[in-house]
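Residue numbers start from 1 in every chain, and the chains themselves are labelled A, B, ... in the order their sequence lines are given, proteins ahead of strands.
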There are 2 protein chains.
Amino acid sequence: MVLPPGGGARAPSMVDVAEQARVSHQTVSRVLNTPDAVRPATREKVERAMRELGYRRNATARALKTRRTGLIGVITPGHSAFGPNRMTLAVEEAAREHGFATALSVVRDSRPETVESSLEFFLDHGVDGIVVLAPIIAVAEAARQIAETRSVVLVASGAEPTASLDVVGIDQVRGAREAVRHLLDAGRRRIAHAAGPGEWYDARGRVQGWQETLSAAGVAEGPLLHCAGWTADDGYAAGAELAPQVASGVVDAVFAANDYIALGMMHAFADHGLSVPEDVAVVGFDDVDGAAHLSPPLTTVRQPFEAVGRAAIAELFGAGGGEHTTLIAPTLIRRATA
Amino acid sequence: MVLPPGGGARAPSMVDVAEQARVSHQTVSRVLNTPDAVRPATREKVERAMRELGYRRNATARALKTRRTGLIGVITPGHSAFGPNRMTLAVEEAAREHGFATALSVVRDSRPETVESSLEFFLDHGVDGIVVLAPIIAVAEAARQIAETRSVVLVASGAEPTASLDVVGIDQVRGAREAVRHLLDAGRRRIAHAAGPGEWYDARGRVQGWQETLSAAGVAEGPLLHCAGWTADDGYAAGAELAPQVASGVVDAVFAANDYIALGMMHAFADHGLSVPEDVAVVGFDDVDGAAHLSPPLTTVRQPFEAVGRAAIAELFGAGGGEHTTLIAPTLIRRATA
DNA sequence: CCCCAGGGGACGAAATCGATG
DNA sequence: TCATCGATTTCGTCCCCTGGG
């Protein structure tokens, strides 16, 4: 299937409609933009002509004159990670409710050039605003500079807003606090944390929440493991590393930075003959699909991704005007692992 | 952060560049489009002026004149399902390599009006081509009619191409055949299938592959369960329904329509004191993140989503010309459940 | 007649101003 | 004087045609 025939039948324009309705093209324009300024009889004539010709208003010409394309650019990370996808879809739906279309640009790595090239791409295409899904610090930093010249909303849990840039995110620290508090309430006192990659805002926020909660409760910090990524493989490695300390009673609970890490850890624990939650309690983060059906069903923290997507658009259209952070609270989901 | 100030500083145009370089705007245009037709000295003058003014070619005006927006529309289902997301990202990357931007439209339900409204939305915004990710039959059907007037590629595993519409998809039947053949090779003879929702192409293809393989092997079909959705909850219900037959030896294997269903079934089996793979072998479909770390690690069929995304764009730009299907083969991943 | 550059329209819609009753 | 409609210009780029060397 090839792209537009080029020499296909030209779509009808306002002038065509005007001729058909025996009015001027300006009247046609008015019917579209300020219908009340047109006499009902004339309006109906024009509307009938539009229907007969199958007229469709040309967004390109409109954009040229109004200096607005009606396009919102969304920069989204390339990992199959879970959150960004859902936020992207939520952003699209929210934007469409405002009559805006959403253009996508995937950023596979976090090099500044990559982000900048996506930004350039959007600027070339004349987007009216940009939403940057920036879970990684370097991505967010690369996005900052562009905020001087364009409306940008940064979706990053923990980034600082600036004068020309609003930030929307999920309160990672709070989610981590609830997770750790839940472990404390269950009587656990030797609580480890398997952290995500340090260049991620989410990972940092969860470490911070873990530390704060333990410190506030006067409980010593358990071991802090650093995972190289967010996958179950990384979790398995961390679990294997932690297993001896669980076996010897030095650790009786783990707060995992996400559900896949939790899953991998539980796998490693099982391989070491350790049982969850008897030997070690586990709390994850995300509430991925199927988390309720793991064995045992995973206690975790659910993130309201859809709400973030909507909030990002609201911020973009709102009268916020920068220097402002919207933080949305996640929810602890209690199941069987803790 | 608000949308463009409206009355902000106007971006420099070709005329501005022309003045700065003391040439005509037409020469500036030529430097951009046919650089070889401009004397090097003139060209450099113009390029310097562009840099000094921070000139950026206006895509809107260009689109108005050339009748091409450089936009590809992608219609994507709203479920957090796994495949569509990855395909969407792949489509975007492939499109960008061709210099095209990707606009998104999420379709939450499969009603024809919903799909049509997305199509209308794209038409209003003047996209040059449309990729419809249509896992559900009704969505694909709704997309067909639009193919008369616009370049459309349908991504649907099992849909029929028509004169003006190419189809790209993953060979579901083949994937299912490999899964079932693997179970047969392992000595299983009473093989059930937990099918996905019947309105999905993927679900139908997998049922077909299951039936064909059993029939070709002269083995009677095991029970066929119909899941209402693709989630682990649905799988759990199916597993609970099937457990008695597993316990009594009437069923010794299950081919699950996807990994989440497989996960839910395994959960149900465990709740009924059944063990995998001893009492019942399980094969899933998708190879979702973490499948390797389930207990036991899940044998499944991996789908090459990225390849499909790339193929869809190739088809859109290619000289295919409709009436043509591209089928990509999935891969069996052997692990511990079968 | 080749090489290079400029002038004058489109493209389709919207804004400004002016005309008409 | 107001409501209604029309003529003209503008947005920024690309294309056709012309002209000077």
I need the minimum non-hydrogen distance between [X] and [Y], along with the two atoms involved.
X      : Y      : answer
A:R30  : A:V38  : CB-CG2, 3.7 Å
B:I328 : B:P304 : CG2-CG, 3.5 Å
B:T69  : A:H125 : O-CD2, 4.4 Å

Measure the distance from [atom1] on [X] to [atom2] on [N] and round it to the nearest whole Å.
X     : N      : atom1 : atom2 : value
A:R43 : D:dA3  : CZ    : P     : 15 Å
A:R68 : D:dG12 : CZ    : C1'   : 19 Å
B:E19 : C:dG7  : CD    : C1'   : 16 Å

Query - Counter-base of C:dC3, judged by Watson-Crick or G-U geometry with both distances under 3.5 Å - result: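 Result: D:dG20.
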
Query raised in the report: Base, sugar-phosphate, or nothing for A:V28, non-hydrogen atoms under 4.0 angstrom?
Result: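 Nothing, no nucleic acid heavy atom in range.
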
Query raised in the report: Going by atom types only, do A:S110 and A:E199 share a side-chain donor-acceptor pair under 3.5 Å?
Result: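 Short answer, no.
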
Query raised in the report: Just by protein heavy atoms under 4.0 Å, how would nucleotides 9-21 of chain C read 5' to 3' in B, S and -?
Result: BBBBSBB------

Query - Minimum side-chain heavy-atom gap A:H98-A:I72 below 4.5 Å - result: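 Of all side-chain heavy-atom pairs linking A:I72 with A:H98, none is under 4.5 Å.
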
Query raised in the report: Ion pair present between A:R56 and B:D124, side-chain N to carboxylate O less than 4.0 angstrom?
Result: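 Result for this pair is yes, salt bridge flagged.
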
